[in-house]
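Accompanying notes for the structure given below.
All ligand and atom numbering here is 1-based and tracks the order in the structure.
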Amino acid sequence: MKILILVSGNGTNLQALIDAQNLIGNGRITAIISDRADAYALKRALSAGIPAFVEAPDRNLPKTERRLDLSNRILHHAQDMGIDLIVYAGFLSILSGDLINAFAGRMINIHPSLLPKFGGEGMFGNKVHVAALAAGETESGCTVHFVDAGTDTGPIILQRRVPVIPGDTPETLAERIHKEEHIAIVEAVAKIGSV
Ligand code: GAR
């Protein structure tokens with residue numbers, strides 16, 4: 001199973017997958033694409049000797065066309081490389097178009113909340129934890145789900161839960177969830193790789 005990982009930032013979820021290569025069934029990380037040239041995740045890819053490159057959104061295009069253009073570029077790479085599974089590992093662009101159909105059931109995302117709570121466009125990173133705390137949640141967690149044409153709406157593969165502790169800040173909650181994400185993303189890829 002050839003895996004393409006999409007990243008935007010620090011890449012700790014990518015690192016969890018790199019470190020768990022032996023746990024992810026017959027999966028092999030074939031390439032990494034970042035939508036940001038300054039993503040630290042690119043350095044992690046370099047250290048691990050995994051081919052990585054940047055496909056940035058074209059800021060000159062209007063939103064819908066911009067998403068489609070990036071999606072089509074990623075689709076072409078995935079097809080060229082014979083990719084079986086695409087993993088959004090802290091990937092913040094929203095993709096659309098033919099890619100969604102071509103990789104239906106073969107493209108997954110990790111999100112730092114118990115979806116369907118605190119998902120959707122604009123809900124990423126710290127904003128998710130700010131919203132969970134503002135809503136007075138007593139627990140939160142992370143979700144790995146298949147990507148569909150919506151944002152954070154596809155079928156759920158697995159979730160891991162953590163308590164919200166009195167005095168939590170978005171940062172302390174994020175840190176607790178991040179640890180669970182690193183387990184969840186490996187489990188989800190292993191689960192897909194074993195079927
Ligand atoms: C993770 O918490 C991931 O769930 C989140 O971005 C962070 C990336 O961390 N993704 C989203 O919010 C997607 N909507 P990482 O770069 O250290 O893996």
Side-chain angles (χ1 to χ4, degrees), residues 3-21 24 29 31-48 50 52 54-57 63 67 70-71 74 86-96 99-100 107-135 137 139-162 164 168-189:
I3 304 171
L4 169 64
I5 302 191
L6 307 181
V7 294
S8 299
N10 188 354
T12 64
N13 281 291
L14 164 68
Q15 191 67 53
L17 287 166
I18 291 171
D19 294 345
Q21 278 275 6
I24 55 178
I29 304 171
I32 290 153
I33 297 180
S34 173
D35 62 357
R36 296 183 55 136
D38 61 354
Y40 185 72
L42 289 166
K43 294 201 170 66
R44 297 180 189 272
L46 190 68
S47 300
I50 301 169
V54 177
E55 284 293 352
K63 186 161 116 176
R67 283 183 182 169
L70 178 62
S71 305
I74 291 174
I86 299 179
V87 180
Y88 294 35
F91 182 65
L92 301 183
S93 287
I94 295 175
L95 302 180
S96 60
L99 172 72
I100 305 296
M107 186 154 66
I108 68 175
N109 176 45
I110 186 154
H111 185 79
S113 73
L114 297 174
L115 291 174
K117 287 185 171 176
F118 313 115
E121 202 168 330
M123 271 295 192
F124 57 85
N126 226 36
K127 292 184 191 179
V128 179
H129 310 301
V130 169
L133 290 176
E137 296 293 313
E139 64 170 6
S140 190
C142 60
T143 303
V144 184
H145 65 93
F146 288 108
V147 175
D148 67 5
T151 301
D152 301 326
T153 50
I156 290 173
I157 301 164
L158 59 90
Q159 295 186 309
R160 290 183 68 90
R161 316 177 97 79
V162 302
V164 174
D168 259 343
T169 62
E171 290 73 26
T172 59
L173 180 57
E175 194 184 334
R176 196 173 306 122
I177 293 173
H178 238 130
K179 291 195 178 109
E180 298 305 315
E181 289 189 50
H182 302 153
I183 300 168
I185 199 159
V186 171
E187 276 183 5
V189 171

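- Between R36 and S8, the closest heavy-atom pair is CD-O, 3.3 Å.
- A side-chain donor-acceptor contact under 3.5 Å links Q159 to the backbone of L115.
- Ring geometry, H178 versus H182: the interplanar angle falls from 30° to 60°, so the pair is classed tilted.
- Considering every non-hydrogen atom in both E181 and P112, the closest pair reads OE2-CB, 3.6 Å.
- For D35 against S93, the heavy-atom pair with the smallest separation is OD2-OG, 2.6 Å.
- Residue M107 comes nearest to Y88 through the heavy atom pair CG-CE1, 3.5 Å, listed as atom of the first residue, atom of the second, then distance.
- Residue-level contacts of ligand 1 at the 4.0 Å heavy-atom threshold are N10, G11, T12, N13, G90, L92, I110, H111, P112, M123, F124, G125, H178, E181.
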